[in-house]
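Computed over heavy atoms, backbone and side chain alike; hydrogens, waters and symmetry mates excluded.
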Amino acid sequence: MQLRIVAVGKVKERYIAAACDDFRSRLLPYYPVDAVEVRAAQGTPEQAVREEGERILKHVHADDCFWLLDRSGDQLSSEQLSSMIAAVANAGTRRMTFAVAGTFGASDAVRERADFVWSLSKLTLLHEWARALLLEQLYRAAKIARNEPYHR
């Protein structure tokens, strides 16, 4: 199964980009992973949410398992995450796509398309941090699924 991350905006901080690159390279032996950055929209918050939602959904195929990251979603332990991803893979899903929406959140269309809404935390996180944490947790989930130690 392939993993895809669709995120609004670019990672600008070098240290966060380095963390994303590190965890993406650690994850590659377990799952092919690609990241798609869509342009942040200008205008009113309502316009931005709608336009960014359209841009996100262009990268989600009909047969993708699609998870939206949002603080209003369900929180999972690392073990629960690992189990859920393994179940998606075992169901024969070809690609699992994760979305990190923009500053003003996700559009109703993105929420409606989501198979699951996942909260990394009830805290508000910078989008860049959310991407780094997502990659780290995906790597941790892969290690857990294979009963491999994770200590770094």
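- Within a 6.0 Å sphere centred on CD of Gln42, other residues, nucleotides and ligands contribute 12 heavy atoms or fewer.
- Between Gln2 and Val33 there is no side-chain heavy-atom pair separated by less than 4.5 Å.
- Here Glu51 pairs with Arg55 in a salt bridge; the nearest charged N to carboxylate O distance falls below 4.0 Å.
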Given the rule in the side-chain contact (heavy atoms from CB on, under 4.5 Å) test, do Glu136 and Asp22 qualify, once you have shown the distances and angles that lead to the verdict? CA-CA 9 Å; Glu136 188 276 336; Asp22 179 45; over 6 Å; no

Test Arg113 against Val60 for side-chain contact (heavy atoms from CB on, under 4.5 Å), laying out the working first. CA-CA 9 Å; Arg113 171 58 181 89; Val60 180; 3.6 Å; yes

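- When all heavy atoms of Ser82 and Ala141 are compared, the closest pair comes out as OG-O, 2.8 Å.
- Two residues are said to be in side-chain contact when any heavy atoms from C-beta on lie closer than 4.5 Å; His127 and Thr103 meet this criterion.
- The local environment of NZ in Lys12 is sparse, with at most 12 non-hydrogen atoms from other residues, nucleotides or ligands closer than 6.0 Å.
- Taken together through direct or relayed side-chain contacts under 4.5 Å among Ile, Leu, Val, Met, Phe, Trp and Tyr, Val110 and Val6 form part of one hydrophobic cluster.
- Under the rule for a ring-ring contact (aromatic ring centres under 6.0 Å, His included), the partners of Trp67 that lie at least two apart in sequence or sit in another chain are Phe98, Phe116, Trp118.
- Nearest heavy-atom pair across Ser77 and Gln80 is N-OE1, 2.7 Å.
- Under the 4.5 Å side-chain heavy-atom criterion for grouping Ile, Leu, Val, Met, Phe, Trp and Tyr, Leu134 is connected to Tyr30 within one hydrophobic cluster.
- Counting only heavy atoms from C-beta outward, the side chains of Val117 and Asp74 never approach each other to under 4.5 Å.
- Residues Phe66 and Leu81 do not share a hydrophobic cluster, clusters being chains of Ile/Leu/Val/Met/Phe/Trp/Tyr side chains in contact below 4.5 Å.
- The local environment of CZ in Arg146 is crowded, with over 12 non-hydrogen atoms from other residues, nucleotides or ligands closer than 6.0 Å.
- Minimum interatomic distance between Val8 and Gly102 (heavy atoms only, all atoms of both residues): CG2-N, 3.6 Å.
- Across Ala142 and Leu27, no two heavy atoms sit closer than the pair CB-CD1, 4.3 Å.
- Hydrophobic side-chain contacts under 4.5 Å tie Phe104 into a cluster, directly or through other members, with Val49.
- By the side chain to side chain donor-acceptor pair (under 3.5 Å) test, Gln47 is found to be paired with Thr44, residues two or more places apart in sequence or in another chain being considered.
- Legend: salt bridge (charged side-chain N to carboxylate O under 4.0 Å, His left out) pairs involving residues 29-49, not counting sequence neighbours, sorted by first then second residue: Arg4-Asp34, Lys10-Glu37, Glu37-Arg131.
- A chain of hydrophobic side-chain contacts below 4.5 Å, direct or via other Ile, Leu, Val, Met, Phe, Trp or Tyr residues, connects Val11 to Leu126.
- With Ile5 as the fixed residue, the side chain to side chain contact (heavy atoms under 4.5 Å, CB included) test singles out one of Leu135, Leu69, Val36: Leu135.
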Worked check of side-chain contact (heavy atoms from CB on, under 4.5 Å) between Ile85 and Tyr31: CA-CA 11 Å; Ile85 291 173; Tyr31 296 106; 3.6 Å; yes

Criterion side-chain contact (heavy atoms from CB on, under 4.5 Å) on Arg50 and Ser107, from CA distance to verdict: CA-CA 6 Å; Arg50 183 179 38 75; Ser107 68; 5.5 Å; no

Residue pair Ser78, Gln137: steps toward the side chain to side chain donor-acceptor pair (under 3.5 Å) verdict: CA-CA 7 Å; Ser78 295; Gln137 284 299 304; 2.8 Å; yes

Dump the intermediate steps for side chain to side chain donor-acceptor pair (under 3.5 Å) on Tyr15 and Glu128, then the final yes or no. CA-CA 10 Å; Tyr15 65 96; Glu128 293 178 341; over 6 Å; no

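- What you find for Ile56 and Ala101 is that their closest heavy atoms are CD1-CA, 4.1 Å.
- The salt bridge (charged side-chain N to carboxylate O under 4.0 Å, His left out) pairs that include a residue from residues 103-112 are Asp70-Arg111, where partners are two or more places apart or lie in different chains.
- The two residues Met1 and Pro32 come nearest to each other via the heavy atoms O-CD, 3.4 Å.
- Leu125 has its side chain within reach of Leu120: a pair of non-hydrogen atoms, C-beta onward, lies under 4.5 Å apart.
- Applying the salt bridge (charged side-chain N to carboxylate O under 4.0 Å, His left out) test to pairs two or more places apart or on separate chains, those with a residue in residues 79-105 are Asp64-Arg95.
- Tracing side-chain contacts under 4.5 Å through hydrophobic residues (I, L, V, M, F, W, Y), one never reaches Leu57 starting from Met96; they form parts of separate clusters.
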